[in-house]
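Only one structure is covered here, and it is reproduced in the block below.
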Amino acid sequence: MSGPIGVIGAGAWGTALAQVAATNGHEVRLWARDPALVDAINADHENAAYLPGIPLSPLIRATGDLAWVAEAAANLIVTPAQAMRTVLAQLPANAQALVVCSKGIEAGTHLLMSEVALEQHPASPVLVLSGPTFAHEVARGLPTAVTLAGHDPATRALLATAIAAPHFRPYASSDVIGAEIGGAVKNVLAIACGVVDGAGLGQNARAALIARGFAEMTRFGAAKGARAETLAGLSGLGDLVLTCSSTASRNFSLGVGIGRGEAAADLLTNRRTVAEGAYTAPVLLEAAQAARVEMPITAAVCRLLAGGAVRGVIDDLLARPLKEEV
Ligand SMILES: NC(=O)c1ccc[n+]([C@@H]2O[C@H](COP(=O)([O-])OP(=O)(O)OC[C@H]3O[C@@H](n4cnc5c(N)ncnc54)[C@H](O)[C@@H]3O)[C@@H](O)[C@H]2O)c1
Ligand SMILES: O=P(O)(O)OC[C@H](O)CO
């Protein structure tokens, strides 16, 4: 794929992906809604607000002109999930391949981000990029691998070649829904694991929670048509293990604060960067209930986010009737 690559959303992940694309020699058009951020990135070749300390490639040009970005051969969409529809609605109708890189489920509609993108741009090929990818590591050139899912083999091969770098290895998949469900659900489970850490419940509890969380992800995924092997791959289990194990995860860190007894509402009000799991959790629970899928850990996270007392929520989770593992 020749020509510029567009990146829509200049937070930590959009900026890191811009850096990956520039590594491959692509001119990158990086859209930010905030004019001050556009000016700062172009002046300093750094996104000090969201990805500090990483010198950015001169091939990256920040802009507020969405139409100019949309002329690119492919556009990586990296806004917070709940903002995606509004931003996509401003994109011209002739946009080429749209690669959804955000992780979440839309409130109200219960749609995954690729479904939102397809509703807004039915004529554009829509792909999903997801996996274990802390932005600050990817931007520093540390290695990882991701799932790149799309329905058309030729388009996903083209995109894989365009974004692959020695430290960034995309694995192609046709399971678009599966690739998205892993990323959306793991953010909620990472909050739960952070709570376990913050409340000092021990490493056994965290491992048990990861395993039972993965069971929830698998049940929900099956109900939505995801393939089990996708959920066991990079975008599911891979990302779940990453974010459930590190305070570098915003979702895990939010959970740590809740586990220590801080009010979820205060923690959310005081943060500038997005912890998607806090917005996904209630939507996921609604979607699971509509699909008659039991998700007790997700329900517990919802109670905690709504101000429930940590001890009581954990006691209730552990007091559920005994059951078969599978
Ligand atoms: N940071 C990571 O390591 C990482 C990795 C993989 C995926 N993701 C996903 O990528 C998405 C973006 O995360 P991030 O880390 O870049 O977020 P971030 O918190 O670093 O930045 C969010 C960006 O979105 C902008 N923004 C906020 N509200 C907006 C709106 N209404 N319209 C347009 N722009 C808006 C902010 O100005 C900021 O530039 C999330 O879904 C996240 O789960 C993040
Ligand atoms: O910091 P988090 O919790 O949003 O996680 C970032 C990425 O999704 C990790 O793959």
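This chain uses plain numbering: 1 for the first residue, then up along the sequence. Counting starts at 1 for both ligands and their atoms, following the listed order. In this text, all values refer to a predicted model and were calculated from it rather than measured experimentally.
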Checklist entry - Hey, does the side chain of Glu46 reach the backbone of Ile41 with a donor-acceptor pair shorter than 3.5 angstrom? => result no

Which residue from [options] reaches closest to [atom] through any of its heavy atoms?
atom: atom 6 (C) of ligand 2; options: Trp13, Phe252, Phe134; answer: Phe134
atom: atom 15 (O) of ligand 1; options: Gln90, Met84, Arg250; answer: Arg250
atom: atom 5 (O) of ligand 2; options: Lys186, Glu276, Arg250; answer: Lys186
atom: atom 36 (C) of ligand 1; options: Tyr279, Phe134, Tyr50; answer: Tyr50

Quick one: look up the protein heavy atom nearest [atom] and list residue, atom name and how far away it is.
atom: atom 43 (O) of ligand 1; result: Glu276 CG, 3.3 Å
atom: atom 17 (O) of ligand 1; result: Val274 CG1, 3.4 Å
atom: atom 3 (O) of ligand 2; result: Ser249 OG, 2.6 Å
atom: atom 9 (C) of ligand 2; result: Asp239 OD1, 3.4 Å
atom: atom 20 (O) of ligand 1; result: Ala12 N, 2.8 Å

Next on the checklist: Val274 versus ligand 2: do any nitrogen or oxygen atoms come within less than 3.5 Å of each other?
Outcome noted: no

Tell me whether [X] is salt-bridged to [Y], with the criterion being a basic N under 4.0 Å from an acidic carboxylate O.
X: Glu119; Y: Arg85; answer: yes
X: Glu294; Y: Arg320; answer: yes
X: Arg260; Y: Glu262; answer: no
X: Arg29; Y: Asp65; answer: no
X: Arg156; Y: Asp152; answer: no

For [X], is the nearest heavy atom under 4.0 Å from an atom of ligand 1?
X: Gly104; result: no
X: Cys101; result: yes
X: Thr133; result: yes
X: Pro80; result: yes

Near [X], which atoms of ligand 1 are under 4.0 Å from a heavy atom of that residue?
X: Thr273; answer: 19 (O)
X: Ala135; answer: 1 (N), 2 (C), 3 (O)
X: Ala10; answer: 39 (O)

Checklist outcome for this item: At under 4.0 Å between heavy atoms, what of Lys103 touches ligand 1? The answer is both

Next on the checklist: Can you tell me which portion of Val87 lies within the under-4.0 Å heavy-atom range of ligand 1? Options are side chain, backbone, both, or neither.
Outcome noted: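 Near ligand 1, Val87 shows its side chain, while the N, CA, C and O stay back.
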
Checklist entry - Would Glu216 and Thr298 satisfy side chain to side chain contact (heavy atoms under 4.5 Å, CB included), going step by step from the backbone distance to the final call? => result CA-CA 8 Å; Glu216 279 190 22; Thr298 301; 2.9 Å; yes

